[in-house]
Structures are given as C-alpha cells and as structure tokens.
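All values reported here derive from a predicted model rather than from experimental measurement. Proteins get letters first, then strands, A, B, ... in listed order; numbering begins at 1 in each.
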Number of protein chains: 2
Amino acid sequence: MSVTIRDVAKAADVSATTVSRVFNHSDLVHSDTQERVRNVANRMGYRPNATARSLSHGRTQTVGVILPAPHGEFFSEIIRGIDEVAQEAEHYMLISSSHYSLSESEAALQSLQGRVDGLLIMTIQADAQRGLLDEYAIDVPVVFMNNASESLPYNSFKIENRAGAYAATQHLIERGHRRIGIILGPPHSHDVRERRTGYRAALHEAGINPDAQPVIEGDFTQASGYEAGRQLLDLDALPDAVFSCNDYMAIGAMSALQKGDVRIPTDLAMAGFDDIPSAQYTTPSLTTIRVPVYDLGRRAAERLFSMIHAAEPERPRQTVLPTELIVRAST
Amino acid sequence: MSVTIRDVAKAADVSATTVSRVFNHSDLVHSDTQERVRNVANRMGYRPNATARSLSHGRTQTVGVILPAPHGEFFSEIIRGIDEVAQEAEHYMLISSSHYSLSESEAALQSLQGRVDGLLIMTIQADAQRGLLDEYAIDVPVVFMNNASESLPYNSFKIENRAGAYAATQHLIERGHRRIGIILGPPHSHDVRERRTGYRAALHEAGINPDAQPVIEGDFTQASGYEAGRQLLDLDALPDAVFSCNDYMAIGAMSALQKGDVRIPTDLAMAGFDDIPSAQYTTPSLTTIRVPVYDLGRRAAERLFSMIHAAEPERPRQTVLPTELIVRAST
DNA sequence: CGTTATGAGTGTAACGATTCGCGATGTGGC
DNA sequence: GCCACATCGCGAATCGTTACACTCATAACG
C-alpha cells in the first residue's frame, strides 16, 4: 500500500498528529520540526489520502454539476464558468449528465449526495424541482441553474426566456417580416415553452396570427436544425423569417437553407437564442439573444461557494439573468 | 447530521452488519429481512456515505479527467465519450482543466491521486509525459489520450496528425492550388508540430517551397482564427488555399474572409482539422480531417476501466487513431 | 519562589462504513 | 437425535485522517 501519515510520523519520530498539523495548521508546530517532517514526507513520497481526509472533517473539496448533457457549446460554457470559480476555491468538479431525462437527473442528485460539498443543477423541467430537495433529504447546498418556481425556497437563476424571445421576434417584425416561423426545442423543456410564449406574444401584439406560422420541431442539436431547414425548403412558401429556439439549431437550419440556395438574410432572416461562441462566426453571422452563459456558470458557482462557506444558512435568492438582442448579419 | 447505517440498524431492529450486507452482498440475508431493512432505509432517507465506503474498500467510483480546457467542441466530444462509458460503469467524472499549462496539469495529476480509481489525461506536450507517473508515484491506472513517446510504458492513443495534415494539404494541391498558407495553433502543442510537419512534407513533395507560404499563428480558438483571417486579408496577395490546424480556427478565418468579400472556395479554399460537429454546418461546409474524437474518449475510458478491473496489470498499448479526409464544400 | 501563560507535542477517540471470525439460533432431513 | 445449512448478531479491527483534551517543559511575572 501507499505510505500513510503514521509511517511518516514514525520515520520523523513525531506523532501522527504533528504530521497532520504540518499539512493543515502549520502554525501550530515549530519550524524545525516542520521542516524535518516535510523532508521525511517528501522522501517517502507521502501524499495525504483525500478520502480519509474527507471522511474525517466532512468536506470533499468537490462540487457536483448536473447538466442535461456534458457537451455542446452551451453546457460547455457553463462548465467553463464553474471550472474557473471551482479552481479558485480549490474544489473539483464532479460532472454528471442526465441525458435530458428527469429520472436520471434525480438519480444523480441522490447518488452525488455524500460525495460533494454542494450541487449545481440544471433541470429541463422547472416544475420538477418542486420539493425535490426535501424529498431526497439533500443536506448540502444546492443552486439551480435554471428557473425554479418562484414559490420554492431554492437558490436559482432565471434566464429571461420570454423577454428574449419577444425581443428577437419583435426585431424580425421591425425588419418588415410578416411570416415568421419557429423552430422548437425538446417538447418538455421549460425554456422552450417560455421562448415560444414570448415569440407568440410578439406576433400577436403586431397583429400577426401566431397559429398561421410554420412550426418545426427540433431537439436543440445542429442536426435537428439542419433537418428543420430541409423541412422549411419543402414548404409551399418559405417564411420571411425564422426564430430558432437556440443557436445550434439556427446554425443547422441556415446550413440546410443555404444549400437549398436560399440567401440569408435576403430571402429569409434567421434569429437564434443563447449567443454561443460560434454564433458570431457563421456566415452570415447570427442575430441572436445573448444569454450570459459563462456568467451563469460563474455566478451559480460563486453563490454555491458562498453558501458552502457560510456559517448561517443564507436566504435563498432567485436571480434573473437579463438577455440582450445582438443584431448581426443574419437579419 | 444525516442518517447512518447504525440508525437504520436500530430502527429495523437488526445489526449494522446486516444492513451493510443488504446493500452489498444481499444474497447473505433473508429476503424478508432484506425487504424490511430496505423499507426502513428508504423511509429514513438513508444513503450510504460514499466517502466512508470509499475509504473502507479503497474504491472511489470516480475517474479523473485532465484536459487542457473543459470547453469547446473538441474537448466537449471527448468528455461525451468518457461520460458514456463512465455511466455504464457506474463511475463519476472528476474533471480538471490545465488551461494548456504543463505545471497545472502536473498539479492536477498529483492532487487527483487518491480521489480517483483511474486517470485519463491529455497533455499538450508529449515529451512532458516522460517519467511523469514514476515521478509522482501514481499508483492508479492512467491512460494518456494523446501520443506518449513510444518508448514509454504508458497506455496512450495517438492521433495520426502527420498523415492527416499531409492528406489535407495534398488534397489542396490536387485541387490545383500552389500558394497554400497555414494557420498554426499554440506553439508548444505537439499536435500542431506534427500537423505542420505533414503540411510541409506534402508541399515539399509537390515541389512547392513550404518556406514561401504564409504562416499565421493562432491558439485553436475561433477568435484567433478570425484574427488570422484578417491578417490574410491584409496580405499583398491572398493565398489560393489555407490549411488550418483545427476546425475552430478555420471557421473563424472563413468568417473574417467572407466578411472581406472573399468567396470560399472560389477565391480561397479552406481545410481544417478535427471534424468537430460544427464543421459540417458552416457555409460552405468545411473540408477537414476527421479525428474520431468521441471514440477517443470512449476507447480511452474503456481501456481505463479494463485496467481498473483487471487483476493483473496489463501490458501498456499505444493505439493509433486513424484520420480520414472529409471533402466538403470549402475546397 | 510560587503561580500562570504559552509553546510544542502527544494520545485517543471519532468519522461511517466494511469485513472477519465466531458464535447463536432455528430449520429440515435422515 | 444428530448434523448440515441458512440466517443473523456481536465485537473488534481497519481504512487514513483530523479534532479534542491533555501533558510537559520553559519562560514571565509580581
């Protein structure tokens, strides 16, 4: 086996406690002793056992992250934000993906419990959060990275889906478009529902009948966006513009449309949602609604660490993340 | 505090041993008792403490993943591959990013030791692997996700960088291009060096002087590719074609060039490397060298678990991942 | 000189689970 | 009536570390 604290203690002719102190509260031990212990430890290749350490003082130096998926630029940016903060706080990231499934996400919540100091979670269905923490007796701090029902005493972040989609659609209307289609995301997604609502509200307000517009289903992937683009091409008449519920699908759709000789934005204007990094490098660059994705990761993580370090439990807060219309060349 | 195994034992009127047996070697306890214990455990919300369990039988159910960065479609796909396998094996992923720094990556290697059952690592400099595992007395299985020096007894995967870059460049030459620039990645990257070598070899073989071609530096990001594109526009004469050391930079460069009214592929042909998911959805779609990125993650993880479960230490193998030229519309 | 502080270090009991050896039952078969 | 077997309890050890309550010397002080 590997070398333990007692081996070092014996070799350095001190007690295990002293060795432990050297590595933790080094101010409590004489500098000579300290040096001797460190030398011996290095020579023997001693590495404190993280697991034992965790068991002993109840901290794992790890935060759990539950996301619908571990890949793609959206989640990727969230992870980057969390990673940044976690490294500063000397914590590790335990990433678990729920594959857009509610049950998997609850399973992860349960089984991560006990191996992390706190949890960052993004669910697909907001209503699924109802009583979740009580139900599974979660006793570590939890921050939801998407909107919890406001009545729940959970920390959460809320993306302004409705307002964003409204702004995007309104922008398309202002550009003179009347026939404006939509590409939807996964049907159970709360974000998608809210975005659709915003889209419909804008149309309605402009005297355009939302129910007369082309609606195409997608699943947030580029591939599904591409497929959506092909479906648009098959329509009797192309819409003037399309609002896509996320950027990835918008990019996929633009690709299909352009292959079908549709010029963007001349023949059809396209707007997306999220403002993922790639959105500004498409041709034409993509008009979209900026969501501070990286910030979401950062701030959620910061909140979590603040809770972890707090002596008193803090009052849960629901933070709203503002969205912003970014007009680029696709509209 | 949370409910322990002894609490459950007391409530179910059995011994702690029995409760432990129920959750581990359930065949040793009567089915009636088992059911009773499970019911009580559920009712009380008992979750075995993962940390204590790990300490006890020396397994953490966790694998460590060290990558240059946790985001972007390339690393993202690797993570997806690993995640898939890890979930099957009921293991968690502890992700640590080295920010393209050698020292950070070694620090991660050290500090992850003891909290994981195995490690998957991707370094930027292959020579940095020399003796790494011995030096830090790593005693868990390790798989390198990029090429280790062949002489080292490490498990590793090797991307055919040279052959890939060679094929891409040759393809550009076959298309009739003579002036073929290159966009480089981070200077210390082993992959970049090999890709550049392949590029130069192809040029040389076709009687084209590699030293007379435009060389632009990048750092693998879309932003740096965009900047590279602008630099190309500033040249006295545009090259006929450009080979970019990865797709992200190719995408950025295309964006800048197209904004400068350069038509692709008519005025300039562009080839990338990696075949990240987005590569097929650009306009024009990107000719590139496919690297089985997702498979890399999968196979590295599979290898790792095979080592973790193996009774005898296995003989290290170096696996070569073949690359493939994917011709699309950008050339 | 006796009393207190203070610094340096020790011993031991947790932390929560697993595991082992053994022993104590009870049951059924022959 | 005896034996094998299944089921379960009990105590103790183990995993490696940290926290708590001490001891022991030396210095400082009035």
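- Relative orientation of the B:F305 and B:H91 rings is perpendicular, given thresholds of 30° and 60° on the angle between their planes.
- In this structure, CG of B:L28 is placed 13 Å from P of C:dT18, rounded to the nearest angstrom.
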(message) Assess the residue pair A:E314 and A:S306 against the criterion (side chain to side chain donor-acceptor pair (under 3.5 Å)); give the C-alpha distance rounded to whole Å, side-chain angles, the decisive distance to 0.1 Å, and a yes or no.
(response) CA-CA 9 Å; A:E314 301 178 354; A:S306 140; 2.9 Å; yes

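- Two end axes, each from the C1' atoms of five base pairs, can be drawn for the helix from C:dC1-D:dG30 to C:dC30-D:dG1; they diverge by 50°, to 10 degrees.
- In this structure, B:F23 atom CZ and C:dA17 atom P are separated by 10 Å, rounded to whole Å.
- When the P atom of D:dA19 is taken as reference, atom CD1 of A:I5 falls 11 Å away, rounded to whole Å.
- Put simply, CG on B:D7 is 13 Å from C1' on C:dA17, counting in whole angstrom units.
- By the 6.0 Å contact criterion, NE2 on B:H99 is enclosed, its count of non-hydrogen atoms from other residues, nucleotides or ligands being greater than 12.
- With B:T17 contributing its side chain and B:S15 its backbone, the two residues share no donor-acceptor pair below 3.5 Å.
- In this structure, B:R21 atom CZ and C:dG16 atom C1' are separated by 18 Å, rounded to whole Å.
- With hydrogens and angles ignored, the 3.5 Å screen pairs a side-chain donor or acceptor of B:D7 with a backbone N or O of B:T4.
- The closest donor-acceptor contact from the side chain of A:N155 to the backbone of A:P316 lies at 3.5 Å or more, if one exists at all.
- Figure legend: cation-pi geometry between B:R317 and B:F157 absent, as NZ or CZ is not positioned both under 6.0 Å from the six-membered ring centre and within 45° of its axis.
- In this structure, the NE2 atom of A:H30 is 12 Å from the C1' atom of C:dG9, given to the nearest Å.
- Atom NZ in B:K10 sits about 13 Å away from atom P in C:dA17, given to the nearest Å.
- Atom CG in A:N24 sits roughly 7 Å away from atom P in D:dA19 (whole-Å rounding).
- Each of A:T33 and B:T4 was matched to the nucleotide of DNA chain C holding its nearest heavy atom; the match closer to the 5' end belongs to A:T33.
- If you check residues 44-60 of chain B against DNA chain D, the residues with a heavy atom closer than 4.0 Å are B:L55, B:S56, listed by number.
- At the phosphate of D:dA19, OP1 or OP2 sits under 4.0 Å from a side-chain N or O atom of A:H25.
- A residue-by-residue look at B:V14 and A:V19 shows that B:V14 has its nearest nucleotide of DNA chain D further toward the 5' end.
- For B:E302 and B:R298, the salt-bridge test passes: some basic side-chain N is under 4.0 Å from an acidic carboxylate O.
- Among the atoms of the strands shown, only primed sugar atoms or phosphate atoms (P, OP1, OP2) are found under 4.0 Å from some heavy atom of B:D13.
- A cation-pi contact, defined as under 6.0 Å to the ring centre and within 45° of the axis, is absent between B:R38 and B:Y46.
- Comparing D:dT17, C:dT18, D:dC10 by their closest approach to the side chain of B:S20 singles out C:dT18.
- In terms of modelled atom types and a separation under 3.5 Å, the side chain of B:T51 and the main chain of A:R115 share no donor-acceptor contact.
- One donor-acceptor pair, N or O on each side, does fall under 3.5 Å between the base of D:dT17 and the side chain of A:R6.
- Evaluation of atom-type donor-acceptor distances gives a pair under 3.5 Å for the side chain of A:T17 against the base of C:dG11.
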